[in-house]
Amino acid sequence: MSFEPTLLWAILLLPLTGFVVNGLTAFLAPERKQIPTLVGPGVVAAAFVIALVNFFRMSGAEHLDPVIVSYWSWMPVGSLQIDAALQLDQLSILMTLIITGVGSLIHIFSIGYMKADPGYPRYFAYLNLFVFFMLVLVLGANFPVMFVGWEGVGLCSYLLIGFWFKDREKADAGKKAFIVNRIGDFGFLVAMFLIFTNLGSLDFRDVFAAAPEMFTYGAPVVTAITLFLFLGATGKSAQIPLYVWLPDAMAGPTPVSALIHAATMVTAGVYMVARANVLFALAPLSSTVVAFVGALTALFAATIGLAQNDIKKVLAYSTVSQLGYMFIGVGVGAYAAGVFHLMTHAFFKALLFLGAGAVIHAMHEAFHATHKDWDPQDMRNMGGLRRFMPITWITMWVATLAIAGIWPFAGFFSKDEIIWQAAVHAVGPYAGWAKLIWFMALAAAILTAVYMTRLMILTFHGENRSGKEEAKHLHEVPPVMWVPLAVLAVLSVVGGWVNVPHEIADLPVLGWIPTSEWLHHWLEPLTHTADAIIAGNLGELSDTAPVGGGAGAWAVISFVLAAVVIALTARTLLGRSYRPAHEAAPATGFLRVLQNKWYVDEIYDAIVVRPVIATSRFLWRYVDQLIIDGLVNGAAHLARGFGAIGSRLQTGQLNTYAFAVIIGVILLLGFVVL
Amino acid sequence: MVIDFSSQIHYVWALMPEIVLSAWAMLVLLVDVFQRGDRSVPSSPAIGWLTLVGVGAAAVANGWLMTLQEVSATGMIAVDEFRVFTNYLFLLAAALFVLISMRYLEQENMRHGELFSLVLLSVVGMMVFAGARDLIVIFLGLELMSVAVYVLTGANRRDLRAAEAALKYFLLGAFSSAFFLFGIALIYGGTGTINLAIVSMIVGVDGLGANMLVLAGMVLLVVGFGFKVAAVPFHMWTPDAYVGAPAPITGFMAAAVKAAGFAAFGRVFMTAFPGLYDTWGAIVYWLAVITMIAPNLVALVAGNVKRMLAYSSIAHAGYLLVALAAASVLGAASFLFYLVVYTLMTLGAFAVVVLVGRQGEQFVDLDSYSGLGWQRPLLGVCMTIFLLSLAGFPFTGGFIGKVFILRAAVEKGLVPLAVILVMASLVSYWYYLRVAWYMWFREAPSADSASGITVSPAMRVALVAAVAGVVLLGIFPGQLLELAERGAATLINVQGMVGGFSAR
Amino acid sequence: MTTLLWYIFAALAIGGGVGMVMGRQPVASLLSLVLTFFSLAAIYILLEAHFIAAVQIIVYAGAIMVLFLFVIMLLNLGHDYRADLRGLAWIVVGSVSAGVIGYMLSRALTTEGAIVDQGGAEMIDAALRNHNAVGAIALPMFRDYVVPFELTAVLLLVAMVGAVLLAKRRV
Amino acid sequence: MADQSLFLAVILFAIGTVGVLVRRNAIILFMCIELMLNAVNLAFVAFSRSVGIEGQVFVFFVMTVAAAEAAVGLAIIISIFRHLESVDVKDFNLLRG
């Protein structure tokens, strides 16, 4: 059945207009805050409404094929025809809803959070631009258009991380994010060329239709393509080894962390793998790599999250860890499960970040009022905030239970499904790996419960450690900030109900929510080719976990496990007393290793960054200036000792340059004559 | 009208843009002299606008070339769409240069008339260099362009750096010209002709007609072109000359001279030596490899924006060499397209350097750009767009240009080159964005540190044109690509045009 | 006889070249170069390029070299005894690289049948007979090569404007 | 004789190259380049013995180019001498690395 999308272009154009209007305001009248207040959230909300209209019209239609709307011929040369085209299908509309929906809530929250910032219009301009590029990324109908969005969100992320540019460290964080992402982009670009040279097209429709015919299952080419794509994904979605930028990206304003570094941009890698599911299904090795890297990241980041004291750092590592889960999902071939977790994670992680933002906002105002120079983000300076900020407290507990996987919160369904799918797909040549992944995912789930409980206890429970005078200034955030929290809290509960598997629905107590598996059916038209490839090549899927037990049993076990861990952690931590940050003793032993993030930044610095800089300095100073000169002067130099080198360097550059030309002439002539 | 060159008068038609420009250059010179009369009077700004009118007139004449039809490729000058395309490119660069430099010349108290007439004459040289089909004419075009640019480099006589840059550029340029000329002599001796089309017939499609002399001559031509386009290892003059020359002229050198060098490089090798592609393709391949890698690494540590842009221009020569190495219609088309984008973004970036540099170009180090974005937002936005385009950010012309070069390379099977290109441009992000970084994320040294920057109307026109060009070519590149492809096709399909010639 | 003369002049030309490169004073170098130019003019005559030989003496030795001499005198470098020759290492490496280039070029020149033979000598003889030394050159120059000829005019204009612009004393 | 002249041209060209590498006096450097151009002229004349008279015509153009370059080059040298009172390229090191 054909389907005409409603105002598809407007979804993109609205945020772009917002960017232009807010950008002009930033330059022309930065003090007129009512313009960005209206326009910033307004355009995103309007885009959300249009997306919603499209979504309902689509869900009414049956046998929906992807709708491709081509606006103009972007790169029209020879055999490669790339259009500026958008593709509306089940996956892209879902992503659009998440981006614009969660996006508008975060925009509204920002009105309160950024109220006092002099860069208010500029902030909304960047945020709107980000939404625009993110929508380009998910709505693009071919790889190059997707790449435009891919690069664009990176740029906006960079602008927003460095938003408070007066702070040198924060500015450097933005730079780090940009550079690390370049490595990922390299993978994306190479993958694009491989796709083009092998399939002759870059349109999603053509590529995914041609791939099963062109490539055999497990062919080296498709493995290479998918591995390069995944390299791109690790950069954007902060997976090992390119995750290092995300924790540093917390330097930006907190709503930015919620929108970009939790809910949307960082999931672009997951979206890309899910989008290219046909290619990944054809490459079992790459898929296993994806899942294993995801599992490793999930576990690794969770351990770091255990020891952080900065509330945003905990959430950052938590995000890295949860993104790992999504990659497990799309890696083992359960694409809908990965997207499902992407969606629920967008709700509860946005909520957690906004909640953290509310806390930081309150702490900042309190410290500001008494001119105390304590860190408003350090959890050791908080404690007992539930009395002052009840709404924030409750909503954040909802999110914590959701991320920890407590029934009936959203995270329970999505995370449980991913862990279960890893067990189910533990067949075929890489079965051993899948079993290992299953164990790692389970372990990470336990750690998640621990660090999240720790965050909640340190922040909201126990004694207040911010100081007596400061406590008087602590109060709940205004409605413009807590209403989005409440909305997200509702979503964090019911968000998982759209995809309750029948195994859980069959259980006695947990089965209170009826089965729907709606998301699976919704995405089915996009994943059925991949499902067929997997089914055809992997053989019968397993119906028990590696240590025995079926889906229902493990749903119960993981639920009980999470609940017990939360209870134990809460009990242990509530019994301890904490000191504010400036009085606390430095961490020792293993805790210190965790606190220092396994020293990964230092290792990268030593083995990657320094050598590159050294090499370029070397080339500049020595190859360019010395070697060619020195080649000639070598003998004389040795004779006259090092003192002469300095003075010799001053002489006759011109002869040196001419000598370089001569070397070139000799090489070229030698190439043809000899 | 059909051009057949058996009658000399037809050269007048075929060379109409060059004739118009030469005449206009003399007019500019005369008007300047008579307007000033007494030598203490400064040149009138009207000279700049007069020059622009001349550029426009030449553009009209160039458009008229398209109505001409050549029947044989054995003439000295080509009348094809490739030439029309590149001529427009040089005129564009000249127009932007005039707009950028008008205020600068006043501020530095430099002579308008001589400078602008030299620019026009150097454009004549470029047109001949890139449009001729006869090696001696190409050589004369090369020299005409180069001599004018040597003078322009040293035109600010109060500046020692400019004099030094001019001397280095001149001596090395003359040195490389000698090799180029020796190459012509060898080809002349080896084939008995210096007409590109006839050379290609003698060499043959399989290259069997080439002897050792032709091969040696060919690589010496590579040396000459390599010098003009600043390919490693013939690039050593570039950073010095670019830093020393007055900033608008540096922009003109980086954009137009390089474009002319590449256009001529492409024409000579694709017209005369398609049969020897195995040889020169390999050479260009390796030149491209080192020209992409070395300058990108060196630029990482350049602390001066002019020097950074100099290394950047060398790196861009590397990307263009990739397109040349592909040597297909697509390669030549992507090459032409990239030259246009490159001209716009390079001249644009140098325009900002001119503005920020102010009197005597005191402010060319990175620190001078601190906080510039917030003090002069529009200037900051323009520079950011140029830098992003130079780095190859999507939705800019630079991105599309690189994609096309990559495509041409991949289609020809030059995958390693494509991979190096991608990696090199990712590395280049670092130093381009460092400038943007200083502009937006650094505190300005003082609140009035940008106060001396005044944007004249002419400069405004230039900046707007360059930004609009870079952005529009990023979003709607189709039209220009088609033109480039048509131009490239006329270059590649020249073999069929030698009809009527029989080897003596 | 002509062969012997050729060798004498060739030796003089090479000697002049070496003398220029090794000469300690600019004026000595310049005079050595003039010697080379004269020898080349003689060789041109031996190669039956009479008109070229005349122009070689008038333009090169007479005009260009005098220009050089003027500049040397103007800048008062005539008695500049500061040795500007680079050290032995540079001389050795420079000579070796130039030698390699020379070797490779001569190798290219000596390949069998590399040089196209279109009977140039006979054509030149005929041209010299039918027209005179000037006419033999003038015909192709103004018939076939009028475009580059006109271009040289523009080039000279550029050189003139440029030289005035650069070397004029007052700004 | 024409063949030997070609070798003479190569030798003179090489001598000029050596000069560019080993001299620091800008004027002498320039004279070395003039020698290289002359070597090419000789090659053209020598080739004209077997190819045809155009070879001699090219020599004219090369001479014009040499004259133009000489005018401009010497003007540049004068202009830099006014600043530095020197024509030694080792003194021209303001622009480096």
Side-chain angles (χ1 to χ4, degrees), chain B residues 5 8 11 14-15 18-19 22 25-26 29 39 75-77 109-111 113-115 117-118 121-122 124-125 128 132 134 136-137 139-141 143-145 147-148 150-152 154-158 163 166 179 182 186 188-193 202 211-217 220 503-504, chain C residues 17 47 49 52 64 68 71 75 84 94 97-98 100-124 139-171:
Chain B
F5 292 136
Q8 295 286 341
Y11 278 112
L15 287 166
E18 286 84 347
I19 292 169
S22 311
M26 293 170 212
L29 209 54
R39 38 169 56 202
M76 283 188 184
I77 195 96
N109 194 17
M110 283 158 75
R111 310 272 298 256
E114 285 95 330
L115 273 169
S117 64
L118 280 174
L121 290 171
S122 80
V124 173
V128 172
D134 185 288
I136 207 77
V137 181
F139 177 70
L140 285 171
E143 285 298 326
L144 181 53
M145 167 185 87
V147 170
Y150 301 145
V151 177
L152 288 173
N156 191 352
R157 278 177 299 138
R158 276 174 303 278
F179 284 99
F182 209 121
L186 292 181
Y188 174 66
T191 63
T193 181
I202 291 169
N211 52 40
M212 206 64 118
L213 274 187
V214 178
L215 283 170
L220 290 181
R504 270 174 284 182
Chain C
L47 291 172
I52 298 287
I64 299 181
F68 273 84
V71 173
L75 304 186
D84 71 292
S97 355
V100 170
I101 292 178
Y103 166 74
M104 289 194 287
L105 286 177
S106 16
R107 220 182 121 120
L109 284 165
T110 44
T111 22
E112 203 57 44
I115 302 168
V116 171
D117 193 357
Q118 297 175 341
E122 291 76 44
M123 282 196 281
I124 293 172
L139 260 177
M141 172 120 72
F142 294 106
R143 197 183 51 211
D144 304 329
Y145 289 91
V146 70
V147 171
F149 180 79
E150 295 296 337
L151 268 174
T152 55
V154 183
L155 179 62
L156 288 173
L157 173 70
V158 169
M160 199 166 67
V161 175
V164 170
L165 183 65
L166 286 174
K168 207 173 46 156
R169 190 169 281 279
R170 271 192 40 193
V171 174

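Everything numeric in this text was worked out from a predicted model, so none of it was measured.
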**Request:** Looking only at non-hydrogen atoms, find the nearest pair between B/Glu114 and C/Leu165 and report the distance.
**Result:**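 Reported closest heavy-atom pair: CB-CD1, 4.0 Å.
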**Asked** Which atoms form the tightest heavy-atom contact between B/Met76 and C/Pro148, and what is the distance?
**Response**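 Shortest heavy-atom contact: SD-CD, 3.6 Å.
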With a 4.5 angstrom heavy-atom cut-off, which part of [X] approaches chain C: side chain, backbone, both or neither?
X        : answer
B/Val214 : neither
B/Phe182 : side chain
B/Leu152 : neither
B/Ala148 : both
B/Met110 : neither
B/Ile77  : neither

Kindly indicate whether the side chain of [X], heavy atoms from C-beta on, has any atom under 4.5 Å from the side chain of [Y].
X        : Y        : value
B/Tyr11  : C/Glu150 : no
C/Val147 : B/Leu15  : yes
C/Leu166 : B/Val151 : yes
C/Leu151 : B/Leu144 : yes

**Message:** Applying side chain to side chain contact (heavy atoms under 4.5 Å, CB included) to C/Thr111 and B/Leu213, what does each step give before you reach the verdict?
**Reply:** CA-CA 8 Å; C/Thr111 22; B/Leu213 274 187; 5.6 Å; no
**Message:** If the contact rule is any heavy atom under 4.5 Å from chain B, which residues of residues 103-110 of chain C qualify, in numerical order?
**Reply:**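 Within residues 103-110 of chain C, near chain B: C/Leu105, C/Ala108, C/Leu109.
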**Asked** Can you tell me how far the CG atom of C/Leu157 sits from the OG atom of B/Ser22, to the nearest 0.5 Å?
**Response**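 The distance works out to 8.5 Å.
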**Request:** Find the distance between CG (B/Asp134) and OH (C/Tyr145) and round it off to the nearest 0.5 Å.
**Result:**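 Going from CG on B/Asp134 over to OH on C/Tyr145, the span is 5.5 Å.
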**Asked** Where on C/Asp117 is there a heavy atom nearer than 4.5 Å to chain B: the side chain, the backbone, both, or neither?
**Response**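 Neither part, no heavy atoms under 4.5 Å.
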**Option in B/Leu220, B/Leu121, B/Leu215 with maximal non-hydrogen atom pairs under 4.5 Å from chain C** =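 Top count of heavy-atom pairs under 4.5 Å with chain C: B/Leu121.
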**Request:** Walk me through it: do B/Val124 and C/Val158 pass the test side chain to side chain contact (heavy atoms under 4.5 Å, CB included)?
**Result:** CA-CA 11 Å; B/Val124 173; C/Val158 169; over 6 Å; no
**Request:** For C/Ile124, check side-chain contact (heavy atoms from CB on, under 4.5 Å) against everything at least two apart and list the hits.
**Result:**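 C/Leu128, D/Ser48, D/Arg49, D/Ile53, D/Gln56.
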